[in-house]
Amino acid sequence: MDKTQELIDAVIKGEEDKIKLIIMENLSAGTPAKEIMDQGLIAGMNIVGEKMESEEMFIPEVLMSAKAMSSGVELLKPHLTEDEASASGKMVIGTVQGDLHDIGKNLVKMLMEGAGFTVFDLGTDVSPEAFVEAIKKNDADILGMSALLTTTMPKMEETIKAISEAGLRDKIKILIGGAPVTDEFSDKIGADGYGPDAGSAVRIAKNFAPDYS
Ligand code: B1M
């Protein structure tokens, strides 16, 4: 692939036009879309995730990178086979019932997509029943729940109970996050992991199963 490092840098800097240009040049030259995705977009976004975790990059910059990368993914999507597009795990994500905050959840979604996961976003105010239905319908491997209010955190536990009652707990890994959420809370309600930020959410999700990386 031509200009690999330039594409990685453009993702980190959130340079949407440059990303599109490099992708078009590579597609015209016959570079496989999967190679452009993996070696350029995902490689760049992985660095963004790491920089976010180490506080070298902050929310506005990460949003710019994520948005720029998404436009690159859109350009590549028609050139990816179905298998390639969903090579990694499948995640259902949403903000829990009663909670309308979605900026952090959207960031997690974008970085997960950047890392190659297929993400089904249920939006905000998602009931435990709706999470259960979406896990079944999409045969998801991972559930991501976000909560920003102390009053809506208990909905995470309710959702995990509903998943157990539906007999799905063994087949799904559960990742939670949001400003008031903690590791202790995650352990208490029986989640599989807690991500303090979007970068670490991706790292934890990849650790859930070796073939997600
Ligand atoms: Co709201 N709000 N808000 N608000 N709001 C907070 C959360 C609050 C802390 C402000 C305050 O009082 N200091 C407070 C909660 C207090 C509490 O519960 N302890 C609060 C309140 C009270 C309310 C209302 C009740 C206000 C009212 O109406 N009286 C109301 C509730 C509405 C509802 O949800 N039912 C409300 C409404 C709103 C707006 C609609 C105005 C708006 C939301 C817009 C939107 O999301 N589209 C809003 C906002 C913007 C905020 C603050 C200012 C910013 C939240 C944010 O987007 N942060 C917030 C104060 C604050 O946090 N400083 C506040 C940026 C975002 C990138 O961070 O979401 O934490 P965050 O996500 C991070 C990590 O947490 C993590 O990764 C992200 C990136 O690093 N993460 C995950 C998040 N989800 C994850 C999932 C994962 C893993 C990691 O795995 C799946």
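It should be emphasised that the depicted structure is a prediction, and the values quoted were computed from it without experimental measurement. One-based numbering, in listed order, for ligands and for the atoms of each.
Although no hydrogens or angles enter the test, the distance criterion places no donor-acceptor pair under 3.5 Å between the side chain of Asp102 and the main chain of Lys105. Ser28 places a side-chain N or O within donor-acceptor distance of the main-chain N or O of Met24, the cut-off being under 3.5 Å. A donor-acceptor contact shorter than 3.5 Å links the side chain of Asn26 to the backbone of Ile22. A donor-acceptor contact shorter than 3.5 Å is absent between the side chain of Thr118 and the backbone of Lys90.
Considering both main-chain and side-chain atoms, Asp197 never comes within under 3.5 Å of ligand 1 through any nitrogen or oxygen pair. Inclusion of Ala201 in the set of residues having an N or O under 3.5 Å from an N or O of ligand 1 is not warranted. Among the atoms of Asp102, some N or O lies under 3.5 angstrom from an N or O of ligand 1. Looking at Ala179 next to ligand 1, an N or O pair under 3.5 Å apart turns up. Not a single N or O atom of Val108, backbone or side chain, sits closer than 3.5 Å to an N or O atom of ligand 1.
The closest heavy-atom contact to atom 57 (O) of ligand 1, among the options Asp125, Thr152, Ile103, Ile142, comes from Ile103. Heavy-atom proximity to atom 78 (C) of ligand 1, evaluated over Ser200, Gly49, Gly94, Gly104, is greatest for Gly104. Here the shortest heavy-atom distance to atom 16 (C) of ligand 1, taken over Val62, Leu63, Leu149, Thr124, belongs to Leu149. When the options Leu148, Val92, Thr150 are ranked by their closest heavy atom to atom 7 (C) of ligand 1, first place goes to Leu148. For atom 82 (C) of ligand 1, the choice among Gly178, Ala198, Ser146, Ser186 with the nearest heavy atom turns out to be Gly178. The residue from Met52, His101, Lys109 that puts a heavy atom closest to atom 38 (C) of ligand 1 is His101. Atom 74 (C) of ligand 1 has its nearest heavy-atom neighbour, among Ala205, Gly98, Pro196, in Pro196.
Remark: atom 72 (O) of ligand 1 lies closer than 4.0 Å to at least one protein heavy atom. Distance screen at 4.0 Å: atom 46 (O) of ligand 1 has a protein heavy-atom neighbour inside the cut-off. Atom 63 (N) of ligand 1 lies below 4.0 Å from none of the non-hydrogen atoms of the protein. Put simply, atom 11 (C) of ligand 1 has no protein non-hydrogen atoms near it, under 4.0 Å away. Protein non-hydrogen atoms do reach within 4.0 Å of atom 85 (C) of ligand 1. Distance screen at 4.0 Å: atom 53 (C) of ligand 1 has no protein heavy-atom neighbour inside the cut-off. Checking atom 5 (N) of ligand 1 against the protein gives a heavy-atom contact under 4.0 Å. Atom 88 (C) of ligand 1 is approached by the protein to below 4.0 angstrom, counting heavy atoms only.
By the 4.5 Å heavy-atom criterion applied to side chains, Glu25 and Thr31 are not counted as neighbours. Considering only heavy atoms from C-beta on, Leu175 stays 4.5 Å or farther from Tyr194 through its side chain. Side-chain contact between Ile160 and Arg169: present, with at least one pair of heavy atoms (C-beta onward) separated by less than 4.5 Å. Between Val181 and Met156 there is a side-chain heavy-atom pair separated by less than 4.5 Å.
Residue contact check: Asp99 has heavy atoms under 4.0 Å from atoms 34 (O) of ligand 1. Less than 4.0 angstrom separates some heavy atom of Met145 from each of these atoms of ligand 1: 86 (C), 91 (C).
Only side-chain heavy atoms of Leu107 come within less than 4.0 Å of ligand 1; its backbone N, CA, C and O stay farther off.
The distance from atom CE of Met69 to atom CD1 of Ile19, rounded to the nearest 0.5 Å, is 8.5 Å.
The protein heavy atom nearest to atom 34 (O) of ligand 1 is Leu100 N, 2.6 Å.
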I'd like to know whether His101 forms a side-chain contact (heavy atoms from CB on, under 4.5 Å) with Ser146, so could you lay out the CA-CA distance, the side-chain angles of the two residues, the decisive distance to 0.1 Å, and finally the verdict.
CA-CA 8 Å; His101 296 85; Ser146 185; over 6 Å; no
Side chain to side chain donor-acceptor pair (under 3.5 Å) between Ser186 and Asp183, intermediate numbers included:
CA-CA 5 Å; Ser186 168; Asp183 245 335; 5.0 Å; no
Between Gln5 and Asp9, is the side chain to side chain donor-acceptor pair (under 3.5 Å) condition met? List the steps.
CA-CA 6 Å; Gln5 191 56 47; Asp9 290 343; 3.1 Å; yes
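More than 12 heavy atoms of other residues, nucleotides or ligands lie within 6.0 Å of NZ in Lys171, so this atom counts as buried by the packing criterion.
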